Structures are given as C-alpha cells and as structure tokens.
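The structure displayed is predicted, hence computed values, not measured ones. Here is how names work: the chains are called A, B, and so on, in the same order as the sequence lines, proteins then strands, and each is numbered from 1.
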Amino acid sequence: MVDSAYGPLSPFAAMPASAGTGEGVVAGEREGLGIARITARNRQLAALEQLVHKRLHLALPAGPRRMRSGDLAAAGVGPECWLMTCESAGNAFAAGLRDSIGGHAAVVDLSDAYVMLRLAGARVREALAKLVPVDLHERSFQVDDVAQTVAEHMAVTLWRLEDTGRGEAAFELSVGRSFAQSLYRAVHDSAAEFGFVFETR
Amino acid sequence: MRIECPFCGERDHSEFAYLGDAGCARPAPGAADAQARFVEAVYLRENPAGAHRELWYHEFGCRSWVQVTRDTRTHEILEVRLAGASAAP
Amino acid sequence: MRYSLASLLRQACSGHRGWEPAWRDASPKSAYEVIIIGGGGHGLAAAYYLAKVHGLTDVAVLEKGCIGLGNAGRNTTIIRSNYLLAENNPFYELSMKLWEGLEQDLNYNAMVSQRGVLNLFHSDAQRDAFVRRGNAMRLHGVDAELLDARRVRRMLPILDFDGARFPIQGGLLQRRGGTARHDAVVWGYARAASGLGVDIVQQCEVTGLLREGTRITGVRTTRGEIRAGKVAVSVAGHSSRVAAMAGLRLPIESHVLQAFVSEAIKPVLPCVVTFGAGHFYVSQSDKGGLVFGGDLDGYNSYAQRGNLPTVEDVCSGGMALMPAIGRLRLLRSWGGIMDMSMDGSPIIDRTPLEGLYLNAGWCYGGFKATPAAGYCLAHLLAREESHELARAFRLDRFATGDLLDEKGQGPQPNLH
Amino acid sequence: MSSHRLAGEGAIQRDQTLSFTFDRRGYTGHPGDTLASALLASGVRLLGRSFKYHRPRGVLGAGSEEPNALVELRTGARREPNTRATMIELFEGLAARSQNRWPCLAFDAAAVNSVLSRLFVAGFYYKTFMWPAACWEKLYEPAIRRAAGLGRASGEADPDTYEKAHAFCDLLVIGGGPAGLAAALTAARPGARVILCDEDFLLGGRLNGDRHRIGGESGALWARRSEAELRSLPEVRLLTRTTVFGVYDGNTFAALERVSDHVPVPRPHQPRQRLWKIVARRAVLAAGALERSIVFGGNDRPGVMLASAVRTYVNRFRVAPGRRIAVFTACDDGWQTAFDLIEARLDVPVIVDARRDPPPALCAQARRLGVRIMPGALVFGTRGGAGLEGIEVRGEEGHVSRVRADTLAVAGGWSPNTALSTHLGGRARWSEAIGAHVPADLPPGMIAVGAASGELSLAGALRTGAAAGREAAGSAGFDAPLEQWRTEEEPVGSARLWSVPGCRGKAFVDYQHDVTVEDIALAVREGFRSAEHLKRYTTLGMGTDQGKSSQLTGQALLAALTQREPAEVGTITARPPYTAVAIGALAARARGAQFKPCRLTPSHRWAEERGAVFVDAGEWRRARWFPLTGEADWRSTVAREVAGVRTGVGICDVSTLGKIDVQGADAGAFLDRIYANMISTLSVGRARYGVMLREDGIVLDDGTVARLQECHFLLSTSTVHAGRVMRHLAHARQVLWPQLDVQLASVTEQWAQIAIAGPRSRELLARVLGDALEVAGAAFAYLACAQFLWHGRPARLFRISFCGELGYELAVPARYGEAAVRALMAAGGTLGVVPYGTEALGVMRIEKGHAAGAEINGTSTAADLGLGRLVSARKDFIGRVLAARPGLAAAERPALIGLAPLDRRARLSTGAHLLPAGAPATLSHDEGFVSSTAYSPTLKHWIGLGFLSRGRERLGERMRAYDPLRGEDVQVEIAHPVFYDPAGERVRS
Ligand SMILES: Cc1cc2nc3c(=O)[nH]c(=O)nc-3n(C[C@H](O)[C@H](O)[C@H](O)COP(=O)(O)OP(=O)(O)OC[C@H]3O[C@@H](n4cnc5c(N)ncnc54)[C@H](O)[C@@H]3O)c2cc1C
Ligand SMILES: NC(=O)c1ccc[n+]([C@@H]2O[C@H](COP(=O)([O-])OP(=O)(O)OC[C@H]3O[C@@H](n4cnc5c(N)ncnc54)[C@H](O)[C@@H]3O)[C@@H](O)[C@H]2O)c1
Ligand SMILES: Cc1cc2nc3c(=O)[nH]c(=O)nc-3n(C[C@H](O)[C@H](O)[C@H](O)COP(=O)(O)O)c2cc1C
Ligand SMILES: [Zn+2]
C-alpha cells in the first residue's frame, strides 16, 4: 500500500466556502500543528517550569494566557495544565516532549483531537460575539489571552493572535474534531451577515 | 449566575456542572459504622436556605472542580475556590 | 352554598351579592388533634380526607402565606399515572381515579381534562424503555398505547417530522392522562375541607416545633403556639427547613424548576406532549396559552425563580419539536422550589420523632399526586399505618437500599 | 376616507408613503408611523374584540403596554398573533387582521357573551359545567377553548431565523428617554463602555410625544443630538427596537432586538430578531412611567385613550385621534394634553378634573385658551356604539351633563415602570408621594432614574440620569463630569382616583381580560382578598400586557374594598419577560437539524460513500448498517454483516467510545478505587474489562482498561457515559484524593478506533500492519495491547472483542481514521471484509450476553448484571460500602438472564414483562422484563436479554414474555445470557 493513501482530508472540504458579500470575517484551517496537553505531576510544578524554561525557552503561563517562543507556544488551560503547540510538527511533537519533560509532566498527544480555525477580519469580534459568551473587547481579551468556553453546546478553546497587518483582530478557535462541521456551520452562519470567506491553501 | 472560576475568570454558570453539597466528605470506608456514614454522606446532604457550600465542575472550561459558597435564597455568590486545595494533606 | 348552574343563575339575578367566601379564613385555636403544615394541594387534600374519610375534623392547615401559592399554584398541571415501578404505578393510578371523580366529590369544577399525555420517543432504546413502562401500566390495568410516527403525526401535525435533528419515531400515550386547573384544585379542596370543619389558617408560618422528649406536641408559629396531637409536614420545597426545626436531615434537596406560558392563541395542541430528545413538555391551557417547561435549573435554590440558560434550553426544545411556535410569544416565566428526593420518588411516612409525619419529596411530579398524597397522608395520620399503596414511600429506604429510582439517575437530585 | 393627519413635522417622513392593509382593506401611512398611528390617521378606531365579552376595542395607548389593539400581523407562515398595533412599525405591504371575532370585526357573533356577562363573572366556570361529568371533555371544555385564545398561530414552521449575541459593558441603560440619554451621555463621554437599549425605534421616550424644551431647543431635537453624540463615541452601542426583557443573576440581562420586524422580510443573512445576553457591571433603569386609565362606565369604548398617548399621536405622529377630544384627568399632566390639542387646532370641549382645586396656573392657561373646565367632576359613562360619541359627567354638586366627544383622553396618573427592578425578587415600595409603587430593593448594581424611579418631571429625569451615569462610570474607573441641562418647571401633581363611583355600564380594570370592578368585588366577597388570589381568580393582569395597564388600579381597588392601604395589599410578582418574546428568538439557531451539534466519526465520509444508514447515539451520528443493492430489508443487511464477522472478518468504527488517559505514579492505586475490580495488578501491555460503580453501589459504566506503561493507563467508556465518567474521575482525582499523583486527559477525540473482528481478522491485520507490529500466533494474545508506529504515525492495538470473535481494536490519530478504514477495506478485499454498523454490533453483543445501555441502566448492581465475580473484596472502591445495603444485596433482586422463544419462529420484543407461564397478567405476577432482543442470524432464532427476579436460579424455566402494548405474548425459556461460544474460545483463538 502506498503511503499517500494514508493521508487526512480536511473535515471542511465539503463545507460552503463563503457566505454573504465582503470579507468581514476570513477563516482558514490551521494545519499540521503539533498539539500536546501537558499536566504537571504532583508537586512537580516548579521543576517542570524550570525544565520547560531551560529546554524549550518558554515560561509556562500561570493563568489562561499563551506564551510563545519561536514555533512553540503554551496556553494555560487549567491549573498546572497547558496546551502546547508547535508549528508543523504533527504527532512527533508530543513524542519529543515526552522525552524531554515526561518525568515532570504527563504529556498527551492531542494533535488530532482538535480542529482549529484561524479567524480574522474587520467584523470578527461581532461574529464571535454571536458564538462565545466571553468578552472579546480588546481591553478585556488581549493578545495571547486564552479562553475555554462553550459555543452552541460545543466546548471550544479560543485565543487571540496579534492583529493582522491591516490592524484587524485575529483569533484561533478550536473544537473537538468530531464537532468540526457543526462548529464550522456555526461560524459560517454567525459571520454571513458580515461576509464570510474560508480560505484554503 | 456568574461564577468566578479561580482559573478561567468569571463565567456563566451554564458552563459548569453541578454536584451539590461540598461538605460531605467521603467517610472512612473501614469504620464499623461505615454504611450508616456513607448513607448520610450520599443521601443526607445539606440543603440550607442561606449560604451553601457546593461543588461545581467547570466542564466547558478548565475542568476544575470548584467549591462555591452561594446563598440559595438570593443566588448571590460569596466565595469560589478550587475544590481539592483544602483537602490536600 | 352548593355550586351549580342554578345557583349561578339565581345569583346573576341578584348581582352576585349572595356568594360567600369559598373557605373560612380561620384564626388559629390553641390546640388541634391534627395540624398540617403547608396549605398547598397536598396539605389541603389531606385535611379534606381526614374529615371526609376518617371523620377527623379537629384539624388545622397552617399556611405561611396564602394557600395555593406554592408549587400548587405554579405547576404545569399535568396529571398522569404512567409510572414504571410497581411501587409507584398503583399509587398514581389511585390518584387518577380520585381525579376522575374529584369535581363531583368536591362540588368544584377543577377542570380535570383527560386530554391525553403523549411521551415521544426518538430512538429504539427510548422506545424500548417506554414499552417496558407501558406494559407495566397495562399489567396494572392502566391504559397505555404505543403510537408509531404516522399516528403521532395524524394526532399532532404541528410537530416537526421532517428536518428534525432527532426525528420522532413514535410515542407512548396515556389517554386518561391530561391536565387539571391547578388553582381550582387548591380552592376546591380548601372549600370542601373548610365546609367539613377544618380550619384553614393563612399568614401563619411555622417557625418551630414543640417537643417533649422524642415527641412532637405542637408548633410555634408567627401567630403563636399551637398544640397538636399529631403534626404533618407537607411543605414541598421547604421540607428540609421544617425538618431542621425538628433536628432532622432529609434525603431531599430544594431545586428550582421553571415553567412558562405563551400568549393565548386558538387551540393548536390537543394533548400534553413531552419531547424525548430535549428538555421540553407542553400542553395548552383552557385559556389558550401554551404551558410548558423543561429541566430543573440544576442547583439548590429557595429563590423561586430561575435563570436564562434554562429559558433558552427549554425554548430550543420547543422549537426543535414544534417550529410552528417560533412566532408565538413567551408571555411569562416563573419558578417553583421542588423537594427533590434522592431517588426521585416521594416519602409519606412517620419520622423518628413521635407525632411528626412527613409528606415530601414529590419533586416536579406531585401535582398529579395531590388527591392520592392527601388520601394516603390522611390514612397514615388517622390509622397510624401506611396506606397499602404508599407503603414503599418510606423514609428509611435510602438506608436499606430499597430505592425507587424510576430513571436510574442515582443520588443526584438535579438529574432526576 | 377623511384623513386625521395633522399638518406639521412630527417624527414621520411625509415625503414617503407606505401602503398596508387591515382586514384586507388598503390604507396608507408614512415611515415613522406605527400601525396604530397609521390606522388612526385613516380614521380607523375599531381594532379588535376583547377576550371574554368580545366587546369592540380600539387603541388605548401608544406603547408596549397596549392591552386592546392586538392584531394578527403578516400572513402565511409569518402570521403572528396578538401583536400590538402600537409597536408595529409600518412597512410597505404590511398586512394585519383583527382577531377573536367572527364573522367580522364590525359584527361579531360572540358579542352575545356581553349579554350573558351577568353569568360570565369571575370564576363562573368553577361553579358550573360539572354535570353530567362526561360533558366536560366532550362539550363544555372544547367550547371554552374555542372561545378563548385571541389570535391564531400560523401552524407552519417559522421561516425566519433568529440569533443570539453576547455583550459586556460597564453600563447598561434601559430606556432611551431623557433620563436614559442623560445617563448614557454622562458615562460614555469619559470612555465607559455603554449599551443603551430602547424598545422604541426612536430614541427620546416622552420627549417625542411631548413638547418639552431642553436648553432652549425642543426635547425631540435634543434627543436627536444626544443620539448623534452617542453614536460618535466608540465604546457606545445603541440598540433601538430592543427591549430589555429580563434581569437574571450575576448582572445578566436579556434583551430582544427586533432586527427585521420593520421590513417586509429580513435582509439576506440577517435574522428576524436577535437575543442579546448582556453582562453589565452597572444597569440604569430608565424605563419611564406608565400612564394609568381611570375605571368608569364604558371606559373601554373605542375613542377612550390615555392622555399621554393622545399627545404622542398628535405631537409625534401628527395624527388627530378624533375631532372633539375631551380630557378626563386626575393629575396636572392631563392638562398638557388639552393644551397640545389646542395647539394642533383640535376641539377640546371640556377638561374634567376629578380634583376640586386643580393648580390655578393650569386653570388660567385653559381659560386663556378658551377651554371649558369642570373641576371636581367625574366621567361616569360613555355613549356610542363601536366608537365614542359622548361622555356623561357628574359635576361637583351631583348634576349630570352630557358632552359630545368622539375621543376622551384619560389621565389617571403615572406608575413608575418598576417591572425590571423586581425580577430578582425585590419588591417595589408604595410611595404615598406619587400614589404608586417605586423601585426599592433593586438588583445588585441597578439604579433607577427618571420617571421609573418616581422622579416624574423632566428636570428630575435629567438630573437623576446624569447622576447615575456618573456613578456607573466611576465604578468602572472613569471620572465623569456632570452636565446640567436646563428645563422648565413641570407640574406633576396628581390625585388618587382609581375608579368612579356610581358608573353607568361596565367599568373595566383589565381591558384585555374583561375584568370589571364588579369582578373584583365578587372575588373579595368570596374571600380572594390577597393581590395574588385576586389575580388568579379574576385573571386580572394575566393578559399579554401582564397588567401594565391594570395591575396597580386593581390592587388599589382591592385595598379600598378591603379597607386597607395600597401599601398593605402590595403588588403581585412581575416576571420575565417584560414584554412577550418570540419563542423562536429564545431558541435562535438551536432548531431543526441544528438543534444540537452533531458529532461525526472519523470514517463518516467513507461510510456515507458506502451508502451507510446512520443512527443518532446521543450527539454522535454512527453508521447503523451498510446496505447492498438488492438486499430485501435492513434485517438481511444486518444478518449478512453478522455472518460476515462470524465467518470472515468485519470492521466497525468504534471511535465514539470514551477514552481517558490516566498517568502518574499513583495511577494504579487510583484506578483500584475507581473500578470495582483490581486494576493495579494488570501487567504492562495487557488490558482488562472493568466495571465502575457510583458511590450508591449501582453500576456507573463498564469498559476496558489497558496498561500502556507502568504509570500510564488508557480507559474506555461507553459512548453515552463518556462525559459523566470523565467528570466522575476528575471529581475523584481533584476532590476525593488530591494527594495522589494522577493526571487525567480525555483522548476520545484524538484517536480513531476501528474494531476488526472475525476469524480472519488476524490475517487482515497482518496484511495492513506489515512489519509495524507482529500479530501472528501467540505474539499478540487475547487482551494484549501495544503502541507502535504505523505509516510513521503513532498507532495502538488492543486485542479485545465486543462481538465474541477473535478481534482487535486498532487506534490511529483521528485525522487518519478514514484512511485507516480505507486501507483495511482495500487490504481485506480478497478476505471478503465487511463493514458493519451498530445494529450488527448490537446483535452480536446480545448473542454474547454482554450488558449494554439497556442493562447498565442506572438501577443495576454488578451482581444483577452477573458481574459479581469481578468485584474485588480485597480493597476499597467507590460504591463498595453502599452496594452492601440489604436492598441491593437481596436474593430476589432481578438478575441478568437470556431468553429464547419456545417456538423458535416467534419473535421477542424488548420491553415485554416476564410472568410465570400460565399466570394471569397482573402486577403481582410481574417478575422481570426483557431489556434487549435481536434476531440472531447465528442461532437462526430470536434471542433476548432480560432481568428476572432470582434469575440465575431459574435457567430452563418457562415464562410468558408479555407485551400487551404490541399485542404480543410469547412463551420463552430462561437461558444463560451467553448464547454464543459460552466458553469464550473464539475470542482467544
Ligand atoms: C414549575 C413546576 C411545574 C410542575 N409541574 C408539575 C406537573 O406538571 N405535574 C405534576 O404532577 N407536578 C408538577 N409539579 C410539582 C407539584 O407542583 C408539586 O409536587 C406539588 O404541588 C407539591 O405539593 P403541594 O401542592 O402541597 O405543595 P405547595 O403548594 O408548595 O405547598 C406547600 C405549602 O407549604 C407552605 N409552607 C412552607 N413552609 C411553611 C411553614 N414553615 N409554615 C407554614 N407553611 C409553610 C408553602 O407556603 C406552601 O403553600 C410542578 C412544580 C413546579 C414548580
Ligand atoms: N408631568 C408628569 O406628570 C410626568 C409624568 C411622567 C413622565 N413625565 C415625562 O416623562 C419623561 C420621563 O423621562 P424618562 O427618561 O424617565 O422616561 P421616558 O418615558 O421618557 O423614557 C422611557 C423609555 O424607556 C423605554 N423602555 C421602557 N421599558 C423598556 C425596556 N424594558 N427595554 C427597553 N426600553 C424600554 C421606552 O421605550 C421609553 O423610550 C420626562 O420627559 C417627563 O417630563 C412627566
Ligand atoms: C397552568 C398555568 C397557566 C398560567 N397561565 C398564565 C397566563 O395565562 N397569564 C399569566 O400572566 N400567567 C399565567 N400563569 C403564571 C402565573 O401568573 C404565575 O406566574 C405563577 O402562578 C407563579 O406565580 P408567581 O409568578 O406570582 O410567583 C400560569 C401559571 C400556570 C401554572
Ligand atoms: Zn475554569
């Protein structure tokens, strides 16, 4: 069997790629991310922080914040618990992390557990306000703030990125993979009024 | 109702799942009267009209169990903290 | 004065000047043979049956506010006897039988309307559970029918049969189930009990219990102390508070349940319908409002009001079931305090204290039980033994493990 | 048609004309009109019929408290009953119809009810309709139902969409009158985040209906300028057409924005209405006050209107509600109506003021304008048919005079609009000063201002509004300077006049529900003396206006009749919603297929291609079976799938099972406390079946536990219980035993899991795995597990089987699940691999006697399920202690058994009850029930699982499986629950 057959297809492939007129909200799928959930072992928090700092040059944030360093980022998703991401590292990321910090933390590969949408545009906050019950005002939800919350009965995780070059707000919104199409529909419907475009590479 | 999750911040209570009375610790399983104590812990929970210590689970958030002190007459929330913190030896 | 068309006509001619108070608003005496705490449907019914069946008329019903403004005055009025458990089913059927003769018995039109109760199912597993329950009903001689989707559609074309997330597969129908006018039930029992000599004492809150050793001998109230041979607690959502006056803890939590009514419209719903794939049930009142509800808010509360997520949840259940009500407006929402027992079934029993009796734990289903609960509580008070159909509603069943958990949710009241 | 439109500006756009119909007749109006103003402008006064007596009714007010002018708006699926004409913004093509009348509005047959009104008094139905008993449901009730109910629902699915939005702010201002605007301006200028909602489409509140001046300009102009300033501020959101309808805990407010109700159909991608859920640090209640009518004979005749509404129609809409407009007032404010009417060159025949000494200044002004005044007089009756023609006035000395008038403006005084201040249970307080209730005991963070707080003058509104805005801004850290707006003094005196004694004709308190003074007197006579009893007995205030136009008057009358003060009688409870809200808006997108999210399995797309039939399992959608063309029915499909697995190999996506990753030094010890059986003794690389109990001793769930490494376990849960089990574990970990070193993570979404089962499964696996993992022979024994790399990706293999054959579950990262299934299907082609769905899975598990949801139903113990031997006696675990209670350990408890029909051709049905053979069908013989059934293609007959009292001792016994609901009654034999391969050789092969 050829390896190329063993490949994924985006869950959004068959979804409508645009709605309404204009580009009030532009979406794209974040692909290839390595995602790992790390949880400090009991009473190992300080050691873990030191180790992560030393090996990954990353300070683990204490609350629902995201810290970045190169391709790496750690988002606080619970007490002593983070979602770490690494650009285009896929499943190998968790395996590598396990080797380097597994003594102090449980490392669980969740690269496939989520689908992630990058959302930007002049009206992205208004569209998101229809979905998530979190205050996304620029003063309340700053760049690298993280929120885990609920959108139309789905558990979602959201963080804010740097504004785009055009000065528009940008976010990443993720949901359990099985919910991909339901979440997409919700985003699509919320954004349609402002013009929604899904960009595929 | 808005519950100030110690980790996530203030959220609507609908993000949380409710368990109830936080006061009923699990009795010692080996005690001679263990059955009677378990019956009490499981079935005879506090049900005051007033301040109530209760457990909520931030299911749609950070998945922490939190202990909320809330007035059951007004729904005013008096205190929130992580549930396990106090029980740890 | 007897109520009838004739008396109504007579009064119409004289400007309705001759009507008397429906019940005597009594002042408390210093002692009674029996005191019933709580002027809801249950307390008043118990007083009525004490007087009528057992000839006990030295009875007072003490109500902290006005009668019938507790859960009796705020429920969604559904009556049915479609229970599964052998301990529950016959009891509720007794209630249904009493409903069927209630108006003539009380000489008060409580608008008992046997329009049918239809439980919809949306999966095979649900259907199987309903069939099991329906068969249990039939084994007891209670009516039950299984409808397929086609028959449901014929009966209720307003439901969504196409595009639904969880399509309707059929329903379990109890034709003898239906609704009754909740306030009229209270007033009818009050009037009939008062007519037989029972004192109905309003604005009389019980604030403490008089106790000699392990015996309860009366109550302390906002209108003074009143002594009694026996005291029955029938205060629904306030059971734990009154029990606490006796130092008792109950297997009960007080939770808020909301209910809703829409603006009045011409008839669209011929029966009571429950949605099996969401939290929603509905009937149409005689006035034309859709009366509906759903799940508990889910947290202990004595506030008698709920919060917005439940409102949204219930209305989305309604829209999922009946998209034709989208433009119909919600008129009012309110809450009641439910005495949620730990297995979802009630308690009619003695307490560890002599002279103190308990009728509680009715959850969100005690309205339909009003006649039978009153009947069996009266029986217990008068005869000192449980009525045979209420024998399983024991207070000690949690200790013995003889649980009556219809839904299998376990000791988690907000899930029952 | 004589136009009642006045000259002058107002707030309508005269340069545009809109056509609309009412009861199929065409009319015109202008943008800025409401349906009510446009109909009045066209001389239409009869708009509807009352609920009980079907009396003709016209427009009473100009706002959302309107009790009379209710119409059916729009047609077809968009038809909307009971809509207030006073709130409908006119649009081109609007179609409205009157309701609750037959055959037509002008002649309504049911108006005979009015004749019978002596019978139809409050509560009459409780006293009659009892004989003969059977007639109630057959005759009386249907008749009552048909007569009740006002408008008609469309009966069709609502074609429009709704949406919800969340908003957060420092200050929510409820009401955009002078008080609200002042509050918003004050708080927003220094930068506070402000949301201002007004249910009207025009901001300004009374400023639009009155001719006030602020700082030298007209109040209406001031409102426009304030609005413009607010719009220019970045942190302000102005929501017009938006009613704040509910106050909830935690400073949460619900508001309904009518986004598209003023256009013929919603614009593309726009909802009809939007539900705003607003969390506000502070709220300012600036909802104004509601004017009261006065109760007198014939006070419901079309043409009798609220005085402030008359002003609004004249000033704002430039409509003359009539030609000769008399004024009946009990307060200073009523006089202004007369002055405005004269200003508009309308005829005011008389000002009747119930007070003996109205303020001299007002009298002087009236005289100056040449209006006749009758101080100390009372209107006690009206004349006319379906429209007012004259009024009957009793003067101070008792003499009666008749005055010709086609309209009567009634000013009974103002009641602060307190509803929203009481939604959290606080009560309004009786204010002797203004003779009405004022907010007291407000929700945390709420401040009442302006008329809503009892400050009835414009100056008071501006002052209190600004002060509250300043306070709110301050609480958010902004220092707001106070502006002083200049206004004239405004007389606000009023008398308490609830009803006129000695009336002629019916005198209505609640117009919509036809509650009269006599009804209240009757209720009092019958003992319904508390405000709440009165309400429930008479239905006072229970109509669509929720008593906004009647409640206070009713309570005041009750107080008078029972010799109490209004303060003693108190108020009834105001409840959300403030005005009725479309149910569709509260559901928003959660309807139809979007009612709940739909979870798709990793292989969903592939299954769709294969033509799978799907089934919903909770939120999940799973393949139920995979029909092939030519198959007669689903049973043959399922039989083929089962046979395919039993004789060859099949694959099934089982990714929906919950998966929980458990790590840590104490993971084994932790799981020992979670499961009833021993887990810590499991070796690395092995898996075990486990059962967990609730603390009450009942089985919570079952599944497998695999030990991947010394301190690393993987649990599986049933699909439906995945969430509950995760919560249960988190509770145990965080609350019960926080000292244990355990880390939990749900990995359900990470792994696609595919069951590969059947005698040839090993062969198939070997083909696809190649060198990645050795599965041949003893290399990978029953209950082994392994982690490995496949196609360079992590993969896991478990040798477990739910269906009773040699079987495996292969897990791959979820995004590769589809590819893995395709790979298995490709590789299995020559082995005859069959995909199978949940139905075949169900059949096979019944053949194997495995308990599933129907058996693990929240009431069964481990022993009931025949799992007693698993339960460890060597350790403590959740549920151990209470499982030992006598009721749960009793010998006569139901035990899991198998069932087979004696007549092998007979069908078994789930839900049947088990009765001893030959016993009559009564409850006392009910000994158990059938929980699951299936036609077994393997055994070639129906089989079932069930529970039977003392079941395990009764194997071989014959019983009735009694299913009267389906009309079935089958003789069955009690059997061991494991029908297939009881020794378990096949799974181990
Ligand atoms: C929203 C809602 C919907 C419901 N729907 C249904 C339904 O459709 N079908 C159904 O069968 N059941 C339903 N129920 C349940 C049903 O209403 C209750 O179980 C039943 O009414 C309880 O009995 P009761 O009538 O005696 O209670 P209540 O009417 O609550 O009577 C208890 C009385 O005790 C008084 N009291 C409390 N403490 C004291 C004290 N210290 N001293 C004196 N008096 C005191 C209270 O003021 C109250 O009047 C519903 C309940 C609610 C809230
Ligand atoms: N002279 C008198 O006796 C007298 C009496 C009462 C009022 N007034 C006049 O009334 C005005 C009072 O000013 P104000 O600002 O307090 O009240 P207002 O009546 O001018 O404004 C209230 C506003 O609130 C809106 N509203 C009410 N409930 C709402 C809700 N739930 N959601 C959204 N919007 C809602 C209304 O549409 C209205 O626009 C002054 O102009 C005053 O002169 C005079
Ligand atoms: C079956 C039923 C029908 C009702 N119908 C109406 C109605 O048509 N109009 C109304 O205003 N309230 C209606 N209510 C609600 C009552 O007004 C009231 O909200 C409820 O009895 C609870 O009391 P409370 O809100 O005063 O606490 C109804 C209540 C019930 C139980
Ligand atoms: Zn949290």
Side-chain angles (χ1 to χ4, degrees), chain C residues 3 5 8 12 16 19 21-22 66 69 86 103-104 108-109 113-114 125 128 131-132 134-135 138-140 146 163 165-166 183-184 263-268 286-288 307-308 311-312 315-316 318-320 323-334 400-402 405 408-411, chain D residues 80-82 118-119 121 126-130 141 144-145 148-153 155-158 248-249 254 522 525-527 530 532-533 536 544 575-576 580-584 586-587 590-593 595-596 694 696 857-859 885-888 910-911 913 921 923 926 929 963-965:
Chain C
Y3 288 167
L5 183 61
L8 191 65
H16 294 281
W19 295 111
C66 294
L69 296 181
E103 287 145 352
Q104 287 66 28
Y108 204 93
N109 188 351
S113 173
Q114 293 183 293
D128 295 346
V131 170
R132 178 185 169 205
N135 282 330
R138 293 282 284 269
L139 276 170
H140 187 65
L146 189 67
R165 172 77 179 80
F166 301 106
D183 291 329
E263 291 183 351
I265 50 165
K266 296 293 176 197
V268 293
D286 279 343
K287 206 172 123 235
N307 271 300
L308 188 58
V311 181
E312 300 174 65
C315 289
S316 56
M319 279 301 282
I325 62 171
R327 303 179 91 85
L328 191 60
R329 282 179 288 256
L330 172 69
L331 174 65
R332 189 175 171 95
S333 63
W334 62 94
T400 63
D402 296 303
D405 191 346
Q409 292 290 7
Chain D
E80 182 195 322
N82 307 342
R118 303 242 319 262
L119 265 189
V121 289
Y126 303 130
K127 299 184 174 117
T128 178
F129 298 136
M130 283 177 273
E141 193 185 33
I144 291 178
R145 281 176 177 267
L150 292 174
R152 302 162 303 154
E156 292 172 58
D158 187 347
Y248 296 93
D249 288 312
L522 172 64
R525 214 170 290 139
E526 295 196 80
S530 80
E532 297 286 2
H533 276 164
R536 286 159 174 80
T544 58
R575 293 282 194 180
V581 175
I583 292 169
L586 290 160
R591 57 181 279 199
F595 170 50
K596 287 280 156 69
R694 307 189 302 226
D696 68 348
N857 58 11
T859 58
R885 283 176 293 171
L888 294 189
T910 314
H913 284 239
L923 208 56
D926 185 7
F929 71 100
D963 183 1
L965 223 50

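Using a 4.5 Å cut-off between heavy atoms, C/Ala125 does not touch chain D at all. In this structure, chain C has a heavy atom under 4.5 Å from the side chain of D/Leu522, while its backbone stays farther away. Looking at C/Gln104, only its side chain comes within 4.5 Å of chain D, counting heavy atoms on both sides. Looking at C/Leu69, only its side chain comes within 4.5 Å of chain D, counting heavy atoms on both sides. Both the backbone and the side chain of D/Arg536 come within contact range of chain C, each with at least one heavy atom under 4.5 Å from a heavy atom of that chain. Proximity to chain C (any heavy atom under 4.5 Å) is restricted, for D/Phe929, to the side chain, taken from C-beta onward.
D/Ile144 is not listed as a side-chain neighbour of C/Lys287, based on a closest heavy-atom distance of 4.5 Å or more. Using a 4.5 Å heavy-atom cutoff, the side chains of D/Tyr126 and C/Tyr3 are not in contact. Proximity of C/Glu103 to D/Phe129: side-chain heavy atoms (C-beta onward) are nowhere separated by under 4.5 Å.
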- Message: Let's go through D/Arg885 and D/Asp696 carefully: what are the C-alpha distance in whole Å and the side-chain angles of both, what is the deciding distance for side-chain contact (heavy atoms from CB on, under 4.5 Å) to 0.1 Å, and is it a yes or a no?
- Response: CA-CA 9 Å; D/Arg885 283 176 293 171; D/Asp696 68 348; 3.9 Å; yes
- Show your reasoning for whether side-chain hydrogen bond (donor to acceptor under 3.5 Å, both in side chains) applies to C/Asn135 and D/His913. CA-CA 7 Å; C/Asn135 282 330; D/His913 284 239; 5.1 Å; no
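Ranking C/Leu139, C/Leu8, C/Leu5 against chain D, the residue ahead of the rest is C/Leu139, based on heavy-atom pairs under 4.5 Å. For the options C/Ala12, C/Ser113, C/Ala22, heavy-atom pairs under 4.5 Å to chain D are most numerous at C/Ser113. Contact count versus chain C (heavy atoms, under 4.5 Å) is highest, among D/Gly527, D/Pro576, D/Ala590, D/Ser530, for D/Pro576. Of all the listed residues (D/Pro886, D/Gly155, D/Ala580, D/Ala587), the one sharing the greatest number of non-hydrogen pairs under 4.5 Å with chain C is D/Ala580. Heavy-atom pairs under 4.5 Å with chain C were tallied for D/Arg145, D/Glu80, D/Arg591; the largest tally goes to D/Arg145. With respect to chain D, the highest number of heavy-atom pairs below 4.5 Å among C/Val311, C/Asp402, C/Val131 belongs to C/Val131. Contact count versus chain D (heavy atoms, under 4.5 Å) is highest, among C/Leu146, C/Asp128, C/Leu331, for C/Leu331. Interface summary for chain C: among D/Val581, D/Thr910, D/Thr544, the most heavy-atom pairs under 4.5 angstrom belong to D/Val581. Taking chain D as the reference chain and counting heavy-atom pairs below 4.5 Å, the highest number among C/Leu308, C/Asp405, C/Ile325, C/Val268 is found for C/Leu308. Listed options C/Ala320, C/Gly288, C/Gly326, C/Pro267 were ranked by heavy-atom pairs under 4.5 angstrom with chain D; first place goes to C/Gly326. With respect to chain C, the highest number of heavy-atom pairs below 4.5 Å among D/Arg152, D/Glu156, D/Glu532 belongs to D/Glu156.
Note that CD of D/Glu526 and CH2 of C/Trp19 are 6.5 Å apart. Values are rounded to the nearest 0.5 Å. The structure places CG of D/Asp926 at 12.0 Å from NE2 of C/His140, a figure rounded to the nearest 0.5 Å.
The side-chain contact (heavy atoms from CB on, under 4.5 Å) test with C/Arg329 singles out one residue from D/Ile583, D/Asn82, D/Leu586, and that residue is D/Asn82.
Using a distance-only test at 3.5 Å, with no hydrogens or angles considered, a donor-acceptor pair links the side chain of D/Arg694 to the main chain of D/Gly858. Remark: side-chain polar atoms of D/Asn857 are not paired, donor with acceptor, to backbone N or O of C/Gly408 under 3.5 angstrom. Not one N or O on the side chain of D/Arg575 forms a donor-acceptor pair closer than 3.5 Å with the backbone of C/Arg332.
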